[in-house]
Amino acid sequence: MAKTSKEYTEADKKVVEKNFRAKKILVCRIGPKEYNRISTCDIAKGIWEALQIAHEGTTQVKQSKIDMLTTEYALFKIRDDESIQDMHTRFTSIINELHSLGETIPRNKLVRKILSFLPSS
């Protein structure tokens, strides 16, 4: 059963205050689309978990994303109509997505990968 405000101890008040602060921080940093996903959550942990699943997905979805990006990295080549800057932007995007999912590729491998498909000019 829920306590009345008179029954709250100091520890209870601190927990409620921390939850309120955490919810406020999370809600202030999201847009309207994300707000609709979390509007029914009562506690900050529920908000965090809902946002985490929405953006990262479940463990299986996360692993699928990693696998897809790893394949994209392995097959990466410069396109015929692509400038070096556009190619680098596309390559960096793949690497950043992998990094955000917890998958890192050593810098020396990244450099070798880029050098392997640059035109001799």
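None of these values were measured; they are calculated from a predicted model. Starting from 1, each residue takes its place in the sequence as its number.
Remark: K14 engages no residue in a salt bridge (Lys or Arg N to Asp or Glu O under 4.0 Å) (not counting sequence neighbours). Considering only residues two or more places apart in sequence or on other chains, S83 meets the side chain to side chain donor-acceptor pair (under 3.5 Å) condition with D86. Not counting sequence neighbours, the partners of T70 by the side-chain contact (heavy atoms from CB on, under 4.5 Å) test are I66, L98. Residues forming a side-chain contact (heavy atoms from CB on, under 4.5 Å) with S39 (at least two apart in sequence, or on another chain): Y35. Remark: K45 pairs with E49 by the side chain to side chain donor-acceptor pair (under 3.5 Å) rule, at least two apart or across chains. For F76, the ring-ring contact (aromatic ring centres under 6.0 Å, His included) partners at least two apart in sequence or on another chain are F91, F117. Taking T104 as the reference, nothing meets the side chain to side chain donor-acceptor pair (under 3.5 Å) condition, with sequence neighbours excluded. D67 meets the salt bridge (Lys or Arg N to Asp or Glu O under 4.0 Å) test with no other residue; sequence neighbours excluded. Shown here are the side-chain contact (heavy atoms from CB on, under 4.5 Å) partners of E10, two or more places apart in sequence or in another chain: K13.
A continuous path of hydrophobic side-chain contacts links Y73 to V111 [ILVMFWY only; heavy atoms under 4.5 Å]. Under the 4.5 Å side-chain heavy-atom criterion for ILVMFWY residues, no single connected hydrophobic cluster contains both I78 and L75.
For residues 92-111, no residue pair satisfies the salt bridge (Lys or Arg N to Asp or Glu O under 4.0 Å) rule, not counting sequence neighbours. For residues 69-82, the salt bridge (Lys or Arg N to Asp or Glu O under 4.0 Å) pairs, not counting sequence neighbours, are E82-R90.
One finds the NE2 atom of H99 at 11.0 Å from the CD1 atom of I105 (value rounded to the nearest 0.5 Å). Going from atom CD1 of I38 over to atom CG of L51 covers 6.0 Å, rounded to the nearest 0.5 Å.
K65 places none of its side-chain heavy atoms less than 4.5 Å from the side chain of K62. Using a 4.5 Å cut-off on side-chain heavy atoms (C-beta onward), I43 and I47 make no contact.
The two residues A50 and R37 make their nearest non-hydrogen contact at CB-O, 4.5 Å. Taking each heavy atom of L69 and I94 in turn, the nearest pair found is O-CG2, 3.8 Å.
No side-chain N or O of S93 forms a donor-acceptor pair with one of N96 less than 3.5 Å apart.
No more than 12 heavy-atom neighbours from other residues, nucleotides or ligands sit within 6.0 angstrom of CD on Q60.
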Identify each donor-acceptor pair in which a side-chain atom of residues 19-26 lies under 3.5 Å from a protein atom, sequence neighbours left out, and give them as a table.
| residue | atom | partner | partner atom | Å |
| --- | --- | --- | --- | --- |
| N19 | OD1 | A44 | N | 2.7 |
| R21 | NH2 | E17 | OE2 | 2.9 |
| K23 | NZ | D42 | O | 3.1 |

